[in-house]
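Atoms within each ligand, like the ligands themselves, are counted from 1 in listed order.
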Amino acid sequence: MALAVSDPRWSAVDDYIAGKLIGEDAALAAALADNRRAGLPAIDVSPAQGKLLQLLAKGVGARRILEIGTLGGYSTIWLARALEPDGRLVTLELDPAYAAVARMNIDQAGVGDLVEIRIGPACDTLADLCGGDDASFDFIFVDADKENYAAYLGYAIRLSRPGTMLVFDNVVREGEVMNPQSDDPKVPGTRQLYDALQDNRRIDATAIQTVGSKKWDGFLLALVQ
Ligand code: SAH
Ligand code: DHB
Ligand code: MG
């Protein structure tokens with residue numbers, strides 16, 4: 001990446017926010033510890049971001065949630081806790097070893113009955129979901145390989161209903177997203193997502209830049225009409 005901008009105050013403020021508004025949670029802390037012990041990359045959402053996802057999912061009254069990119073299940077646990085007891089979360093993960101860590105973390109957090117992990121390339125699983133019986137979700141969080149973000153948008157639309165909220169992670173990438181010549185290989189896929197949403201009358205979208213313990217990045221939020 002061209003430059004790694006960071007300011008120690010970003011993490012300090014995240015700690016302040018977490019101390020005031022989020023608090024300690026044994027299952028979430030254990031999930032992060034297990035992920036690091038298992039050698040998973042530390043690219044889970046931050047506590048403040050996990051809580052944001054949970055508030056958004058609760059706010060739209062989500063009963064069915066789809067997540068693309070499970071890793072060790074940290075964001076999955078945040079989202080599953082937004083569900084009512086009869087809710088359901090389907091999360092898609094390429095790597096079976098990551099999925100095994102996630103399964104353990106999700107079960108230990110007490111939301112195992114609500115969560116189904118589907119292993120394999122997400123595009124394949126999404127195509128299967130499109131042909132399935134209950135192919136409609138209220139909230140969709142996209143956080144897997146950025147190269148496929150435009151394809152994931154297409155599937156997300158097919159798996160949505162009017163009012164479904166879509167959230168994409170990592171859409172700013174330290175500002176590199178606006179650089180068509182970026183040497184960050186994840187940038188072109190992210191730019192294709194913006195291109196697909198530009199002038200899309202069916203989807204209302206914005207993106208919000210964030211700084212914090214996950215450095216300078218952002219979320220794209222969209223509502224399907
Ligand atoms: N949402 C997680 C972080 C996900 S990191 C959290 O915040 O806790 C991105 C994940 O996407 C990784 O686990 C990676 O293995 C997975 N991934 C990458 N390519 C994928 C693909 N083609 N299909 C499904 N998952 C994929
Ligand atoms: C990366 C992926 C993520 O989902 C994230 O939140 C941060 C970094 C990455 O692949 O580098
Ligand atoms: Mg991410």
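- Using a 4.5 Å cut-off between side-chain heavy atoms of Ile, Leu, Val, Met, Phe, Trp and Tyr, with links allowed through other members, Leu28 and Leu52 fall into the same hydrophobic cluster.
- Nearest-heavy-atom check against atom 22 (N) of ligand 1 across Asp145, Leu92, Leu79 picks out Asp145.
- From the protein, the heavy atom lying nearest to atom 10 (O) of ligand 2 is Lys186 CE, 3.2 Å.
- Counting only heavy atoms of the protein, atom 7 (O) of ligand 1 lies nearest to Val45 N, 2.9 Å.
- Residue, atom and distance of the protein heavy atom nearest to atom 17 (N) of ligand 1 are Ala144 CB, 3.9 Å.
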Practice prompt. Check the pair Phe168 / Phe219 against ring-ring contact (aromatic ring centres under 6.0 Å, His included), numbers first and verdict last.
Written response: CA-CA 6 Å; Phe168 290 79; Phe219 287 112; over 10 Å; no

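- Between Tyr149 and Gly189, the closest heavy-atom pair is CB-O, 3.9 Å.
- With hydrogens and angles left out, the side-chain atoms of Tyr98 and Asn35 include no donor and acceptor closer than 3.5 Å.
- Only the backbone of Thr70 comes within 4.0 Å of ligand 1, judged by heavy-atom distances.
- Ordered by chain and number, Asp143 OD1, Asp169 OD2, Asn170 OD1 make up the set of protein N, O or S atoms under 2.8 Å of the Mg ion (ligand 3).
- A donor-acceptor contact under 3.5 angstrom links the side chains of Asn170 and Lys146, judged on distance only.
- Each of the following atoms of ligand 1 lies closer than 4.0 Å to a heavy atom of Gly120: 23 (N), 24 (C).
- Identified under the side-chain hydrogen bond (donor to acceptor under 3.5 Å, both in side chains) test for residues 121-139, with sequence neighbours left out: Asp138-Arg161.
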Worksheet item: Can Ser213 and Ser11 be said to form a side chain to side chain donor-acceptor pair (under 3.5 Å), step by step?
Response: CA-CA 4 Å; Ser213 58; Ser11 266; 4.9 Å; no

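- When side chains are defined from C-beta on, Pro162 does not count as touching Gln225, because their heavy atoms never get closer than 4.5 Å.
- The proximity of Tyr98 to ligand 1, defined as any non-hydrogen pair under 4.0 Å, is limited to the side chain.
- Near Pro121, meaning under 4.0 Å from one of its heavy atoms, ligand 1 places the atoms 23 (N).
- The option with the heavy atom closest to atom 26 (C) of ligand 1, from among Ile119, Leu53, Leu94, Leu71, is Leu94.
- The protein non-hydrogen atom at the shortest distance from atom 6 (C) of ligand 1 is Ser75 OG, 3.0 Å.
- Taking every heavy atom of Asp169 and a limit of under 4.0 angstrom, the matching atoms of ligand 2 come to 6 (O).
- In this structure, the protein non-hydrogen atom closest to atom 23 (N) of ligand 1 is Ala122 N, 2.8 Å.
- Closest protein heavy atom to atom 5 (S) of ligand 1: Ile43 CD1, 3.5 Å.
- A donor-acceptor pair is defined here as one N or O able to donate and one able to accept, closer than 3.5 Å; no such pair exists between the side chain of Asp145 and the backbone of Glu147.
- Scanning all protein heavy atoms for the shortest distance to atom 6 (O) of ligand 2 gives Asn170 ND2, 2.7 Å.
- Regarding atom 3 (C) of ligand 1, its nearest protein heavy-atom neighbour is Asp143 OD2, 3.2 Å.
- By the criterion of a heavy-atom distance under 4.0 Å, neither the backbone nor the side chain of Lys214 is placed next to ligand 2.
- Atom CG of Asp7 has more than 12 heavy atoms from other residues, nucleotides or ligands within 6.0 Å.
- Put simply, Leu83 and Leu66 are part of two different groups of oily side chains (I, L, V, M, F, W, Y) that touch within less than 4.5 Å, one to the next.
- The distance criterion of under 3.5 Å between nitrogen or oxygen atoms is met by Gly69 with respect to ligand 1.
- Each of Asn179, Asp184, Thr190 was scored for a side chain to side chain donor-acceptor pair (under 3.5 Å) with Arg173, with one residue passing: Asp184.
- Counting only distance, with no hydrogens or angles, the side chain of Arg9 and the backbone of Gly212 share no donor-acceptor pair below 3.5 Å.
- Near Tyr152, meaning under 4.0 Å from one of its heavy atoms, ligand 1 places the atoms 21 (C), 22 (N), 23 (N).
- When heavy-atom distances to ligand 1 are checked against a 4.0 Å cut-off, Trp78 has no atom that comes that close, whether in backbone or side chain.
- A single hydrophobic cluster is not seen to contain both Phe137 and Leu89; linkage of ILVMFWY side chains at heavy-atom distances under 4.5 Å, directly or through other members, places them apart.
- Both Leu197 and Ile68 are members of a single hydrophobic cluster when ILVMFWY side chains are connected at heavy-atom separations under 4.5 Å.
- Annotation for Leu56 and Phe139: closest pair CB-CE1, 3.7 Å, computed over non-hydrogen atoms.
- Every atom of ligand 1 with a heavy atom of Asp44 under 4.0 Å away is listed here by number and element: 6 (C), 7 (O), 8 (O).
- Evaluated by nearest non-hydrogen atom to atom 1 (C) of ligand 2, the leading choice among Asp217, Asp143, Ile43 is Ile43.
- Remark: side-chain polar atoms of Asn148 are not paired, donor with acceptor, to backbone N or O of Ala151 under 3.5 angstrom.
- Residue Glu93 holds the heavy atom nearest to atom 14 (C) of ligand 1 of all those in Glu93, Gln49, Lys214.
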